[in-house]
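Take a look at the structure set out below.
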Amino acid sequence: MDYENYFLSQSQQAALQQAMVNTKLLNSTSINSDNMPTPEQQAYSIIAVALYRFNLQKIKWSSFLKTAINTVNNACQWLATELARCQQEYKAQPNDAVIIEQNALLNGIFSEELAYIDALLGNEAHA
């Protein structure tokens with residue numbers, strides 16, 4: 001698979017691969033980059049992997065939000081603010097409609113990361 005078709009930089013790809021290895025979504029320990037990811041890229045990657053796990057129904061929405069907020073707090077203020085808003089809204093109305101709406105928003109924000117994870121895991125499954 002040609003990973004260069006993605007809009008993610010090599011350091012973003014490395015951060016995603018590391019987050020996937022850390023959560024045992026990816027068995028490989030070889031990271032495809034000499035570029036060190038920034039703290040923001042690492043935070044995005046951890047959140048993207050947690051979102052992917054939620055989409056697989058491996059974790060609950062409240063757990064995803066807690067993980068995401070704790071991860072991004074010091075790395076990206078606008079995303080931390082948006083996630084805190086999502087958490088407050090979910091606490092006020094913890095129902096499927098709120099989860100679906102918030103999940104759609106976050107799937108849009110992390111679309112490239114989620115596509116890369118899908119491709120990487122699909123490639124691993126066929127290896």
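Source: prediction; values computed, not measured.
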What's the spacing between [X] [atom1] and [Y] [atom2] if we round to 0.5 Å?
{"X": "R53", "Y": "M20", "atom1": "CZ", "atom2": "CE", "value": "11.5 Å"}
{"X": "K66", "Y": "L83", "atom1": "NZ", "atom2": "CG", "value": "14.5 Å"}
{"X": "Q13", "Y": "F7", "atom1": "CD", "atom2": "CZ", "value": "12.5 Å"}

Item to check | Listed partners of Q88 passing side chain to side chain donor-acceptor pair (under 3.5 Å), at least two apart | outcome: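 Residues passing side chain to side chain donor-acceptor pair (under 3.5 Å) with Q88: none at all.
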
With [X], which residues qualify under side chain to side chain contact (heavy atoms under 4.5 Å, CB included), at least two apart?
{"X": "K60", "value": "S62, S63"}
{"X": "Q87", "value": "L65, I69, K91"}
{"X": "Q12", "value": "L8, S9, Q41"}
{"X": "I46", "value": "A19, T71"}

Checklist entry - Can you get from L121 to Y44 by hopping between Ile, Leu, Val, Met, Phe, Trp and Tyr side chains that sit under 4.5 Å apart? => result yes

Next on the checklist: Looking at N70, I want to see if its CG is surrounded by more than 12 non-hydrogen atoms of other residues, nucleotides or ligands under 6.0 Å.
Outcome noted: yes

Any side-chain heavy atom of [X] sitting closer than 4.5 Å to one from [Y]?
{"X": "I47", "Y": "T67", "answer": "no"}
{"X": "L120", "Y": "L25", "answer": "no"}
{"X": "W61", "Y": "V98", "answer": "no"}

Item to check | For Y52, all residues meeting ring-ring contact (aromatic ring centres under 6.0 Å, His included), sequence neighbours excluded | outcome: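 For Y52 there are no ring-ring contact (aromatic ring centres under 6.0 Å, His included) partners, ignoring immediate neighbours.
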
Item to check | Inter- and intrachain pairs under salt bridge (Lys or Arg N to Asp or Glu O under 4.0 Å), touching residues 71-89, at least two apart | outcome: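 Non-adjacent pairs meeting salt bridge (Lys or Arg N to Asp or Glu O under 4.0 Å): E82-R85, R85-E89.
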
Residues 104-111, side-chain donor-acceptor partners within the protein, below 3.5 Å, at least two apart:
| unit_1 | atom_1 | unit_2 | atom_2 | d |
| --- | --- | --- | --- | --- |
| N107 | OD1 | N55 | ND2 | 3.0 |
| N107 | ND2 | N103 | O | 2.9 |
| N107 | ND2 | N103 | OD1 | 2.7 |
| S111 | OG | G108 | O | 3.3 |

Checklist entry - E101: what forms a salt bridge (charged side-chain N to carboxylate O under 4.0 Å, His left out) with it, not counting sequence neighbours? => result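 Salt bridge (charged side-chain N to carboxylate O under 4.0 Å, His left out) list for E101, sorted by chain: empty.
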
Checklist entry - Short question: side chain of S11, backbone of P37 - any donor-acceptor pair under 3.5 Å? => result no

